[in-house]
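Here the structure comes first, spelled out in structure tokens, and everything after it is commentary.
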Amino acid sequence: EPLFEAIERVFAERMPLAGLSLDRVRIMGIVNVTPDSFSDGGALPDAAAAIARALELEAEGADILDIGGESTRPGAAPVPLEEELRRVLPVIEGLAGRTNARLSIDTRKAEVMQRAAAAGADVVNDVSALTYDPAALETVAELERPVVLMHALGDPRTMQDDPRYDHVLLDVFDYLSARVAACEAAGIPRRRIVVDPGIGFGKTLEHNLELMAGVSIFHGLGCPLM
């Protein structure tokens, strides 16, 4: 029975994501309104620069713009709630209505999810897969927004110290499977869930290569894959 279910999930049509059809690969552009993110930290010192960068990414082909105010790179420290809100809300407000791309809020905090959605965010993207904030599951269920669940091993501060797995591909699959089940139990339907194996988050180079080589296993969760 579970095998047939898994096979059905692999072939089931993926529902549109915030109105975005998933009949082809979609591109997410990353807008880090942070001083220290690994890809572009410090490059966007204020809301105006972040908005301009986001519109540039859309012009280059981004279908989704992911706005984050808390770096979760290896070694990063948590950002206080007020500071995170101060960084991301003006960017979302400035982009809402000015772009055809979907807006995604990259956060681990329920209140940021809520305030960002009110400001115009279409998608919630949580690197902790809704485990960091006890209110996050309920908040996403109430918001009725799609959510991206990412796998990360432990906390950003320590995740790269010495990551170990029994079998990285199966361990990450089992974790994401359990998080999808937790979401469903909280009233978030599978059709609104995206899974992300979290390349580079608590993984060595070997782990990352193993995940990428076996990435098709995640289609068995019946969710779009980021």
When rounded to the nearest 0.5 angstrom, what distance separates [atom1] in [X] from [atom2] in [Y]?
{"X": "L205", "Y": "H207", "atom1": "CG", "atom2": "NE2", "value": "10.5 Å"}
{"X": "E184", "Y": "R191", "atom1": "CD", "atom2": "CZ", "value": "10.5 Å"}
{"X": "I188", "Y": "L130", "atom1": "CD1", "atom2": "CG", "value": "5.5 Å"}
{"X": "M28", "Y": "D106", "atom1": "CE", "atom2": "CG", "value": "8.0 Å"}
{"X": "L211", "Y": "F173", "atom1": "CG", "atom2": "CZ", "value": "12.5 Å"}
{"X": "C223", "Y": "R190", "atom1": "SG", "atom2": "CZ", "value": "5.5 Å"}

[X] atom [atom1], neighbour heavy-atom count above 12 within 6.0 Å:
{"X": "D166", "atom1": "CG", "value": "no"}
{"X": "R9", "atom1": "CZ", "value": "yes"}
{"X": "E13", "atom1": "CD", "value": "no"}
{"X": "E138", "atom1": "CD", "value": "no"}

Ignoring hydrogens and angles, state whether a donor on the side chain of [X] or [Y] is under 3.5 Å from an acceptor on the partner side chain.
{"X": "E84", "Y": "T107", "result": "yes"}
{"X": "E58", "Y": "T99", "result": "yes"}
{"X": "S216", "Y": "H219", "result": "no"}
{"X": "T34", "Y": "N32", "result": "no"}

Flag, side chain of [X] to backbone of [Y], donor-acceptor distance under 3.5 Å:
{"X": "R145", "Y": "A121", "result": "yes"}
{"X": "Q160", "Y": "G202", "result": "yes"}
{"X": "R14", "Y": "L22", "result": "no"}
{"X": "T139", "Y": "A135", "result": "yes"}
{"X": "D196", "Y": "L149", "result": "no"}
{"X": "D46", "Y": "A48", "result": "yes"}
{"X": "S128", "Y": "T131", "result": "yes"}
{"X": "R26", "Y": "L20", "result": "no"}

Minimum heavy-atom distance [X]-[Y], with the two atoms named:
{"X": "A96", "Y": "A119", "value": "CB-O, 3.6 Å"}
{"X": "L143", "Y": "A117", "value": "CD2-CB, 3.8 Å"}
{"X": "P156", "Y": "T72", "value": "CB-O, 3.8 Å"}
{"X": "V123", "Y": "A18", "value": "CG2-CB, 4.1 Å"}
{"X": "Y175", "Y": "M150", "value": "CE2-O, 3.9 Å"}
{"X": "A182", "Y": "L137", "value": "O-CD2, 4.1 Å"}

Mind checking whether [X] and [Y] sit in one hydrophobic cluster, side chains of I, L, V, M, F, W, Y counted as touching below 4.5 Å?
{"X": "L225", "Y": "I193", "result": "yes"}
{"X": "V215", "Y": "L153", "result": "yes"}
{"X": "L95", "Y": "I27", "result": "no"}
{"X": "V79", "Y": "I92", "result": "no"}
{"X": "V91", "Y": "L81", "result": "yes"}

Does the side chain of [X] reach to within under 4.5 Å of the side chain of [Y], using non-hydrogen atoms?
{"X": "S177", "Y": "F218", "result": "no"}
{"X": "T158", "Y": "D155", "result": "yes"}
{"X": "L17", "Y": "I64", "result": "yes"}
{"X": "P197", "Y": "M226", "result": "no"}
{"X": "M159", "Y": "D161", "result": "no"}

Any chance you could lay out the side chain to side chain contact (heavy atoms under 4.5 Å, CB included) test for E56 and E60, step after step, and finish with the verdict? CA-CA 6 Å; E56 208 174 85; E60 289 169 4; 4.1 Å; yes
Item to check | Reference residue I105; test side-chain contact (heavy atoms from CB on, under 4.5 Å); the match among V124, L89, N125 | outcome: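 With I105 as partner, V124, L89, N125 yield a single side-chain contact (heavy atoms from CB on, under 4.5 Å), made by V124.
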side-chain contact (heavy atoms from CB on, under 4.5 Å), paired with V172, selected from L169, L170, D174, L176
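Considering L169, L170, D174, L176, a side-chain contact (heavy atoms from CB on, under 4.5 Å) with V172 is found only for L176.
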Verify side chain to side chain contact (heavy atoms under 4.5 Å, CB included) between D133 and R108, making sure each step is shown before the conclusion.
-> CA-CA 7 Å; D133 187 332; R108 303 183 293 171; 6.0 Å; no
Would you check, one step at a time, whether the test salt bridge (Lys or Arg N to Asp or Glu O under 4.0 Å) holds for E82 with R86?
-> CA-CA 6 Å; E82 289 310 318; R86 192 187 64 74; over 6 Å; no
Strictly below 4.0 Å, N to O, side chains only: are [X] and [Y] in salt-bridge contact?
{"X": "R192", "Y": "E144", "value": "no"}
{"X": "R102", "Y": "D122", "value": "no"}
{"X": "E83", "Y": "R87", "value": "yes"}
{"X": "K109", "Y": "E70", "value": "yes"}

Run the side chain to side chain contact (heavy atoms under 4.5 Å, CB included) check on E206 and V168 step by step: do they pass?
CA-CA 10 Å; E206 287 74 19; V168 67; over 6 Å; no
TODO: Mind telling me whether Y165 and H151 have parallel, tilted or perpendicular rings, with 30° and 60° as the class edges?
DONE: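 Geometry flag for Y165 against H151: tilted rings.
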| request: Let me see the working for L103 and I67 under side chain to side chain contact (heavy atoms under 4.5 Å, CB included), right down to the final yes or no. | output: CA-CA 7 Å; L103 301 179; I67 294 123; 4.2 Å; yes
